[in-house]
Amino acid sequence: MKIYVPIDAAARALGSDEVADALRVELQKQGVEAQIVRNGTRGMIWLEPLVEVDLDGTRHGFGPFEPEDAPALVQAIMARDMAAHPRAIGVVEDHDWMKGQQRLTFARVGVIDPVSVADYEAHGGLAGLRAAIAAGPEKIIEEVMESGLRGRGGAGFPTAIKWKTVAGAEGAQKYIICNADEGDSGSFADRMLMEGDPLCLIEGMAIAGIAVGATQGYVYIRSEYPDAICAMNDAIADARRQGVLGQSMLGSQYAYDMEVRVGAGAYVCGEETSLLNSLEGKRGVVRAKPPIPALVGFLGRPTVVNNVLSLGAVPWIMEHGGAAYGALGIGRSKGTIPIQIAGNVKYGGLYEAAFGMKLGDIVNGIGGGTLSGRPVKAVQVGGPLGAYVPVSNFDVPFGYEELGAKDALLGHAGITVFDDTADCVKLARFAMEFCAVESCGKCTPCRIGSTRAVETIDRIAQGDSEAIETLKDLCNTMKWGSLCALGGFAPFPVMSLLTHFEDEFTGPGAARREAAE
Amino acid sequence: MTRTSPAAEFDSESIERLDQIIASHLHREGPLLPILHDIQAEWGMVPDDAQPIIAKALNLTRAEVYGVVSFYHDFRDHPTGTHVLRLCRAESCISMGADDLADQVCRALGIGWHETTPDGRLTLEPVFCLGLCACGPSAEFDGKLVGRANLAKVTRFVQEARA
């Protein structure tokens, strides 16, 4: 008998460690033999801690679980009556939230024991790496090209083209670097994958290594994710022991090894050139492009820098073929996207589905609207540099170009929901304040512009509506004059708020604030 | 976690430990950040006296090492209080009332961001996203994560630590 209690950071933040302890005590007390497995999360965060009991191969869920619920669960197990427990949600796989998804990258997350290579393999793990070893570098790149996979970090650059560039570059040492500096609020997919199925990322990076001829990799994880750092370190050590990583991966002629590197609290290091400088032990200052990292990357050598989700999609693509992946999605947005529904939302969590769902269906259908029960005002898509999308644009399909057409961006596919109490002027100020705090200082529009924008928004909040033109001008300068996406995209949330909620900047809202002071 | 040692008392024992830390990372490509993380884990900060020693070992200037230490939010040149409370201030947590929670916590503790209580027991830090965006507002107390945080939950942790 196996009982699953998630070890995912979100589940732990909601008390899963205490639940695991309570279950251990109770099992012993009632004399029931059962193994407690600490799995990843299924992604239904509102049900966490979600305990699962494997009864004859079927997993029954109970959540949100409190330590006090443990005695009744052990009794239910003894009676073999799962429905008897007050927290029962039925068979987990049959839950509406699970049934509607197409879990390719996250197929094993929440299902397997993340620290077990054997469990990983039993659930289809390493099939992609084996296929890649058999196929060889050129065929791997062909498959990824056919899949239509694009950068999941937000830039949307075709993964295969990046790989082809690195494969064709001259250099004795090349690198695969995974960008796991997931700093966008509203995003937690990277964390979930690394904690729930770390071997999937290792496998994806190993396949990339074969494709481009890189024998060394680094996964750069932000320091705010200690659980993910720990999970990746353990998984890499296991993978080495089992011969998945090393001089001869799975007994093949391909060598590849990797290690974890930990960031130090700088948001800008999620930008790839800044990340490279940080890895080299320098200030995380952005580099001008060209030269592109594919040619002159880590230590000046050819380097692939890919997001966790891009690399995490690769094992599935190699196992099932690029065509199967590319058959999903819409337009130029192929395959599946792990959507993260966050903020003031009733059913928040991770939902992996083919591109093309309508934004409103995600927010109001899957997410169930706001947790507060008040009307949705807007959602911010793609983190602190993403636009706020008002309800009037909720018919936009979830895809790179589709969101772009609405002056919004996909980013890392995180959606933060706000109810009608959200203060748009405050949110605009926050966007620029954040940019000012996190700017690396390399280029003037970002470094100075963000600070001036905060001051300008303060003037607007005090009723100076003439300052709105100044703010728009500043946004324009930052958008076109900044070196990287931090300064270049910080205007997106601000401009979207100005466009869709202009009256809060000029109208009665501003007057209300003035009166309140 | 926060063994504090004023920079002025960076004695021979400390230097020996520092040399060990540096030596354990010298084989790496880009060893500076891993070295700084280990130093901070050891001393709770990056002591000023450590910087010239690191610089010499890595063939860098002191200015370069200082530049790196001062660039990253994580590295500090002074110790924290015995306990550290971090509150997330990013958008997903804002949507769930993080601003109000922060005001309440600041009032209850009588300190602001980056400040330590007069008894030296608790430091309050902002954090921009802990990746708990579907169960905000979130907090972290001495490494322990707290989802759906509220004043009662946060106060309970603080009081337990002070007891």
Side-chain angles (χ1 to χ4, degrees), chain A residues 9-10 12-14 45-46 48 182-188 190-192 216 218 223-228 259 261-267 278-285 298-299 340-345 348-350 371 380 383-384 414 416-419 422 426-427 430 434 437-438 440, chain B residues 25 28-38 40-41 46 54 58 60 64-76 86 88-100 125-141 143-149 153:
Chain A
R12 293 184 68 209
L14 295 167
I45 304 298
W46 79 95
E48 292 292 355
E182 183 180 50
D184 291 354
S185 177
S187 292
F188 45 85
D190 296 354
R191 184 185 62 65
M192 242 182 86
Q216 178 64 38
Y218 293 97
S223 63
E224 292 86 345
Y225 283 180
D227 292 20
E259 71 176 68
R261 282 300 172 84
V262 180
Y267 175 78
S278 183
L279 262 184
E280 289 180 8
K282 298 174 182 159
R283 291 164 68 88
V285 172
F298 182 54
L299 301 172
Q340 300 125 83
I341 313 173
N344 190 342
V345 67
L350 182 133
L371 182 65
Q380 187 180 27
T416 297
V417 182
F418 289 83
D419 73 11
K426 230 171 153 179
L427 288 171
F430 177 83
F434 182 73
V437 171
E438 297 298 335
C440 80
Chain B
H25 292 293
R28 294 185 197 279
E29 295 174 306
L32 184 52
L33 258 61
I35 288 172
L36 293 174
H37 276 301
D38 277 5
Q40 184 142 305
V46 180
I54 302 166
L58 299 188
L60 297 170
E64 281 169 321
V65 175
Y66 175 78
V68 171
V69 172
S70 58
F71 181 86
Y72 295 96
H73 300 305
D74 280 5
F75 301 130
R76 47 178 80 252
R86 301 208 289 175
C88 179
R89 300 195 66 197
E91 290 90 342
S92 291
C93 288
I94 291 176
S95 78
M96 289 299 292
D99 289 346
D100 285 344
E125 296 280 359
V127 60
F128 291 93
C129 198
L130 293 162
L132 309 175
C133 315
C135 54
S138 53
E140 185 196 56
F141 184 76
K144 160 97 183 153
L145 298 168
V146 188
R148 301 265 182 250
K153 265 196 199 183

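Reminder, nothing fancy here: chain letters follow the sequence lines and each chain counts from 1.
- Contacts of L371(A) with chain B are made by side-chain atoms alone, with heavy-atom separations under 4.5 Å and no backbone atom involved.
- In this structure, OG on S138(B) lies 10.0 Å from CG on L14(A), to the nearest 0.5 angstrom.
- We find the SG-CD1 distance between C133(B) and I45(A) to be 10.0 Å, quoted to the nearest 0.5 Å.
- Of all heavy-atom pairs between S70(B) and R283(A), the closest is OG-NH1, 3.9 Å.
- The shortest distance between side-chain heavy atoms of E140(B) and E224(A) does not fall below 4.5 Å.
- The shortest non-hydrogen separation linking G131(B) to F188(A) is O-CB, 3.3 Å.
- No other option in R148(B), K153(B), M96(B), E91(B) has as many heavy-atom pairs under 4.5 Å with chain A as E91(B).
- You'll find the side chain of Y218(A) reaches within 4.5 Å of the side chain of E29(B), heavy atoms only.
- Between F128(B) and Y267(A), the ring center distance fails the sub-6.0 Å criterion.
- Using a 4.5 Å cut-off on side-chain heavy atoms (C-beta onward), V262(A) and L33(B) make no contact.
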Worksheet item: Between F430(A) and I94(B), is a side-chain contact (heavy atoms from CB on, under 4.5 Å) present by the stated rule, with each step listed?
Response: CA-CA 10 Å; F430(A) 177 83; I94(B) 291 176; 3.9 Å; yes
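- The parts of V285(A) that come within reach of chain B are both its backbone and its side chain, each placing non-hydrogen atoms under 4.5 angstrom from that chain.
- When each of S278(A), G348(A), A228(A), G349(A) is checked for heavy-atom pairs under 4.5 Å with chain B, S278(A) comes out on top.
- Side chain of H73(B) to main chain of A264(A): no donor-acceptor pair is present (N/O by atom type, distance under 3.5 Å, no hydrogens or angles).
- Contact annotation for V68(B): both backbone and side-chain heavy atoms come within less than 4.5 Å of a heavy atom of chain A.
- Scanning both residues, G284(A) and Y72(B), for their nearest heavy atoms gives N-OH, 3.1 Å.
- Under the 4.5 Å side-chain criterion, counting only non-hydrogen atoms from C-beta, L130(B) is not in contact with Y225(A).
- For A422(A), no part lies under 4.5 angstrom from a heavy atom of chain B.
- Atom CZ of R191(A) and atom SG of C129(B) lie 9.0 Å apart (nearest 0.5 Å).
- Of the two parts of E48(A), neither the backbone nor the side chain holds a non-hydrogen atom closer than 4.5 Å to a non-hydrogen atom of chain B.
- For E280(A), the part sitting under 4.5 Å from any heavy atom of chain B is the backbone (N, CA, C, O) and nothing else.
- Of the two parts of R12(A), only the backbone, made up of N, CA, C and O, holds a non-hydrogen atom closer than 4.5 Å to a non-hydrogen atom of chain B.
- When each of L145(B), L32(B), V65(B) is checked for heavy-atom pairs under 4.5 Å with chain A, L145(B) comes out on top.
- Only the backbone of L279(A) comes within contact range of chain B, with heavy atoms under 4.5 Å apart.
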Practice prompt. Show the numbers, then the answer: is there a side-chain contact (heavy atoms from CB on, under 4.5 Å) between E259(A) and R28(B)?
Written response: CA-CA 10 Å; E259(A) 71 176 68; R28(B) 294 185 197 279; 2.7 Å; yes
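- Of the two parts of D184(A), only the backbone, made up of N, CA, C and O, holds a non-hydrogen atom closer than 4.5 Å to a non-hydrogen atom of chain B.
- In this structure, CG on N344(A) lies 11.5 Å from SG on C93(B), to the nearest 0.5 angstrom.
- Between the S185(A) side chain and the S92(B) main chain, a donor and an acceptor come within less than 3.5 Å of each other.
- Within 6.0 Å of the OH atom in Y66(B), the count of heavy atoms belonging to other residues, nucleotides or ligands does not exceed 12.
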